[in-house]
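Note on naming: letters A, B, ... go to the chains in the order of the sequence lines (proteins, then strands), and numbering restarts at 1 for each one.
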2 protein chains.
Amino acid sequence: MPKVTIEDVATRARVSIKTVSRVVNNEPNVSESTRRKVNAAISTLNYRPNQSARRLKSQRSFLIGLVYDDPSAYEIPSSGYVINMQQGLLSVCKEANYDLLIHPCGFSDRRIAAEIKGLIEHSRLDGIVLAPPLSNMRGIVKAIENTGTPFVGISPGGSTLRQPAVATNDREICAEMTAHLASLGHRRIAFITGHPDHKAVASRFLGFQDGLRDCGLKLDAALVGSGDNSIESGERCARTLLDLARPPTAIFAANDDMAAGVIRVAHERRIRIPERLSVAGFDDVPLARQIYPSLTTVNQPLAKMAEHAARRLIRMLHSGEASLDLEVIPSALVLRDSTGLAP
Amino acid sequence: MPKVTIEDVATRARVSIKTVSRVVNNEPNVSESTRRKVNAAISTLNYRPNQSARRLKSQRSFLIGLVYDDPSAYEIPSSGYVINMQQGLLSVCKEANYDLLIHPCGFSDRRIAAEIKGLIEHSRLDGIVLAPPLSNMRGIVKAIENTGTPFVGISPGGSTLRQPAVATNDREICAEMTAHLASLGHRRIAFITGHPDHKAVASRFLGFQDGLRDCGLKLDAALVGSGDNSIESGERCARTLLDLARPPTAIFAANDDMAAGVIRVAHERRIRIPERLSVAGFDDVPLARQIYPSLTTVNQPLAKMAEHAARRLIRMLHSGEASLDLEVIPSALVLRDSTGLAP
DNA sequence: CGCCATTGCGACAACGTTGTCATACGCATC
DNA sequence: GATGCGTATGACAACGTTGTCGCAATGGCG
């Protein structure tokens, strides 16, 4: 296949290369008739602009980076997270003619900051989408800001850092889930908190407290377990909670993995779910549908958030200016079989 | 930040830009002393070659594409699959200075072929890594071959198509798993086959048959369920199998999701695992560790396979020629709690 | 009718590299 | 001491675009 250049198109359409360029880039001041001629030539020759050339000349890379923490560093379940975001980003990138570069990275602030700087310098990214939990780490955000590269954070729990970001109503939806449990008659509702570094997960606990308050229930410190997002921590907390003299009738875990841990312990102890114990999680990872009983949880619209983030980033790239506000895409309660009427 | 070019480095090192280029690209015929001078200049100026420029001039994109089927088309559990491959690829790309472009796509042969052609033309990929099951679809492979773009397939079950590929010992390991079940005393071992289009999954069934033969057991057609890789199909097959007058004492499913389905049914029917029924899966998806009881399964070294695929692709890109042989990376049996002595 | 603004288009330089070729030098060979 | 060859280096073109500028044609307005 001989590579066809802008020159070939120009010759065939009997115009200058500049005019072809104008048509390709949808620039104004081209008459409708020439535009048609050029487009005809383009499609018969199957012309594709050489990205490298346009990148070189226009000093833009048409590259967007997705930076996220290394999923293997955490727990593999979070992989679904990344895939969903990727899908959302890709769909937007495709239509806007950007390419997506993915960049998983370690977890220590300092190292990541250096890594990102290297990435930007090397690949000359036009913009960055920053995945959670990185989007809530001051050092990372600062590092990117220092490079002057436009970026948008995806930060479900909202962000304390001033940055353009897309969030979801984590806190509110947790209040809703709590209210839902209360509406099933539960009065002793336990909560298992997540990893303290994970800001997004922290806001879930706040939502739980909001929910209790809304329903006129009081927070019982004995009914709060502190987990770290892992299944094991879910199991540990579940054991402690179920060993209480007055155990909870419902347990709401800050993520699905910990909820899965609770369910495992229940299985071990032959505690029927949801008849004897209701369990709710958060994230709607694939696991949630797969375990028995299927898990009531919260579904975050990650792909959609990513889409919005990408669209917004691209808008920033074109307009040149950033809006710092927080866009919120609502999450949804997913009611499955692990929750039911209080015993 | 003022962008520093090869010119700046040349000026500072008091050499020509061509010499800098030579140093950067590790070309021969540069004296050790100049090389040091240039390298010094490079690091004090923090020079990064402009990728677009070198791509333009050298007519290479330094881009590798990862093409895989859209995970949402199948089932989300497969997302772990993709992430693992990505990690393997990225680690190699990084050290070889290539960038990775990911490209999920639909599932119909014809559409994908067109999509891939577009991708190659648009992004001018230097090479492609083709993920399963695409690596076993003749139309896709042919389409890529037609473009003349070098590619390496990742195809766990081996490949009937002549193509450079990295595989794993799917079949052998399934024989091993079967032998393991037999060694626990199981004589009535059932198998649940996977989606018929999924070549990799088909070879698992062959391995099962090998295993039976090796242990002197006969294949009982009544003990073969035909699933389609989904949890639901696993449940369906499990019901049929467990309804038999002489139900199996062990069920080996061609993937973890279906095995999870079996476990769900067992839970429903209060059939204790592994005391009354042993269950084995394949894939070692995150779920396998999370469900109760944790699932005995097979772990495919996907990241490692991807690494090898990438390394091989890059070697092909440099040498210009392709080796058609199939590289095999062994899988491992993962024994967990869902299998035990036959009742 | 003359003037200026607008529209449509092309010539040409420039982006930052790498490839090609020429050149200068040192050194062994005859 | 001329010849040839290998090594180290540089001058310059070229890659395929887009940006800048200039120029011609058109049209509205005084």
Is the ring pair A/F62/A/Y98 parallel, tilted or perpendicular, if the boundaries are 30 and 60 degrees? tilted
Look at the side-chain N and O atoms of A/T5 and state whether any lies under 4.0 Å from the OP1 or OP2 oxygen of D/dG16. no
What is the nucleic acid contact for B/P28, judged by heavy atoms within less than 4.0 Å: base, sugar-phosphate only, or nothing? nothing
Examine C/dT18: is either OP1 or OP2 under 4.0 Å from a nitrogen or oxygen in the side chain of B/N25? Give yes or no. yes
Give a yes or no on whether A/R35 atom CZ has more than 12 heavy-atom contacts from other residues, nucleotides or ligands under 6.0 Å away. yes
Whole angstrom value for the distance that separates C1' of C/dG19 from CD1 of B/I6: 13 Å
5'-most by nearest nucleotide on DNA chain D - B/R22 or A/K18: B/R22
Rounded to whole Å, please give me the gap between NZ in A/K57 and C1' in C/dT17. 14 Å
Could you check how far CD of A/Q51 sits from C1' of D/dC15, rounded to whole Å? 15 Å
Which part of the nucleic acid, if any, lies within contact of A/R55, taking any heavy atom under 4.0 Å across all strands shown: a base, the sugar-phosphate backbone alone, or nothing? nothing
Is B/S16 close enough to D/dT9 that one of its side-chain N or O atoms is under 4.0 Å from OP1 or OP2 there? no
Starting at atom NZ of B/K37, determine the distance to atom C1' of D/dG10, rounded to an integer number of angstrom. 13 Å
Over 12 non-hydrogen atoms of neighbours within 6.0 angstrom of NZ in A/K37: yes
To the nearest angstrom, how far is A/L56 atom CG from C/dA14 atom P? 14 Å
Rounding to a whole Å, what distance do you find between B/R60:CZ and D/dG16:P? 16 Å
Are B/E145 and B/K142 close enough for a salt bridge, meaning some N to O gap below 4.0 Å? yes
Using the closest heavy atom to pick a nucleotide of DNA chain C for each, name whichever of A/I17 or A/E32 lands nearer the 5' end. A/E32
Please tabulate, one pair per line, all N/O donor-acceptor pairs under 3.5 Å involving side-chain atoms of residues 17-24 of chain A, not counting sequence neighbours.
residue, atom, partner, partner atom, Å
A/T19, OG1, A/S16, OG, 3.3
A/S21, OG, A/N25, ND2, 3.4

Scan A/V15 against the nucleic acid and name what it touches under 4.0 Å (heavy atoms): base, sugar-phosphate only, or nothing. sugar-phosphate
Does A/N29 have a side-chain nitrogen or oxygen under 4.0 Å from the phosphate oxygens OP1 or OP2 of C/dG8? yes
B/Q59 vs D/dA14: side-chain N/O to OP1/OP2 distance below 4.0 Å: no
Tell me: CD of B/E27 to P of C/dG19, nearest whole Å? 6 Å
Expressed as a whole number of angstroms, how long is the span from A/R54:CZ to C/dG16:C1'? 18 Å
Does D/dA8 have its OP1 or OP2 closer than 4.0 Å to a side-chain nitrogen or oxygen of B/S31? no
What contact category does B/T34 fall into here, base, sugar-phosphate, or nothing, at under 4.0 angstrom with non-hydrogen atoms? sugar-phosphate
